[in-house]
Amino acid sequence: MKLGRLNHIGVATPSLEASIAYYRDVMGATKIHEPFDMPSNGVKVCFVDTPGENGTAGTQIELIEPLGADSPIHGFIAKNPAGGQHHMCYEVPDIHEARTWFEGLGKKVLGDTRIGAHGTLIFFVHPKDMNGVLTEIMETPKEGAAH
Ligand SMILES: CC[C@H](C(=O)O)C(=O)SCCNC(=O)CCNC(=O)[C@H](O)C(C)(C)COP(=O)(O)OP(=O)(O)OC[C@H]1O[C@@H](n2cnc3c(N)ncnc32)[C@H](O)[C@@H]1OP(=O)(O)O
Ligand SMILES: [Co+2]
């Protein structure tokens, strides 16, 4: 497998509203996308753009707030009441090949490969197998696909 682009850093928060205000008012973020719910993943989501080189798209901050009783981030928020850095998401050209790669290394892939916040297939690999970092792998959006 080849390390792909760092698509986003997931930051868990108890309050999407407060975190949006922070990235707008303290960090001077100029592009904050419309928040949206993803019940299938148990989170409310808001993407914040960070500038890339020469006008290219930079890595995004993905703000996530628990949604529903079964949200997978309730445990994280219970341990980190103010929220915090939650996961890192890298792009790959072929999600199925990537999943086979990590499983072949004996790393714990969490749950099914499913549609993620950018509308492409994703999966997660357990932090214990990834140097302590919950790692999300997502299939690179096709050219021109809405982000
Ligand atoms: C809309 C999708 C969007 C996208 O980009 O497309 C998203 O990114 S959604 C993001 C939210 N979804 C997920 O995170 C799904 C995958 N996560 C999980 O399945 C769980 O969060 C899991 C299994 C990683 C942890 O679950 P839980 O917190 O209930 O388990 P434990 O408390 O028992 O934790 C076990 C062990 O792992 C450590 N841990 C937990 N979370 C993290 C983390 N984010 N980063 C690093 N380490 C983490 C925890 O401290 C425990 O360690 P221990 O030493 O045993 O105490
Ligand atoms: Co993510």
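Indexing begins at 1, ligand by ligand and atom by atom, following the structure's order. The structure presented is a predicted model; accordingly, all values stated were derived computationally and were not measured.
In Pro72, the parts holding a heavy atom less than 4.0 Å from any atom of ligand 1 are both the side chain and the backbone. For Val133, no heavy-atom contact with ligand 1 is shorter than 4.0 Å. Only the side chain of Lys79 comes within 4.0 Å of ligand 1, judged by heavy-atom distances. Residue contacts with ligand 1 for His86 involve both N, CA, C or O and side-chain atoms from C-beta outward (heavy atoms, distance under 4.0 Å).
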Item to check | Derivation of the salt bridge (charged side-chain N to carboxylate O under 4.0 Å, His left out) call for Glu103 and Arg99 | outcome: CA-CA 6 Å; Glu103 288 176 333; Arg99 184 170 179 132; 2.9 Å; yes
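In this structure the side chain of Ile95 reaches within 4.5 angstrom of the side chain of Phe123, judged on heavy atoms. Using a 4.5 Å heavy-atom threshold, the side chains of His8 and His87 count as touching.
In this structure, atom 30 (O) of ligand 1 has no protein heavy-atom contact shorter than 4.0 Å.
Among the backbone and side-chain atoms of His87, an N/O/S atom is found under 2.8 Å from the Co ion (ligand 2). Coordination check, His8 versus the Co ion (ligand 2): passed, since an N/O/S atom of the residue sits under 2.8 Å.
Of the options Arg114, His126, Met138, the smallest heavy-atom separation from atom 35 (C) of ligand 1 is shown by His126. When the heavy atoms of Lys128, Glu62, His74 are ranked by distance to atom 52 (O) of ligand 1, first place goes to Lys128.
Here the N, O or S atom of Glu62 that is nearest to the Co ion (ligand 2) is OE1. When the Co ion (ligand 2) is compared with the N/O/S atoms of Glu136, atom OE1 turns out nearest.
Ring-plane geometry between Phe47 and His118 is classed as parallel, the angle between the planes falling under 30 degrees on a 0 to 90 degree scale with a further cut at 60.
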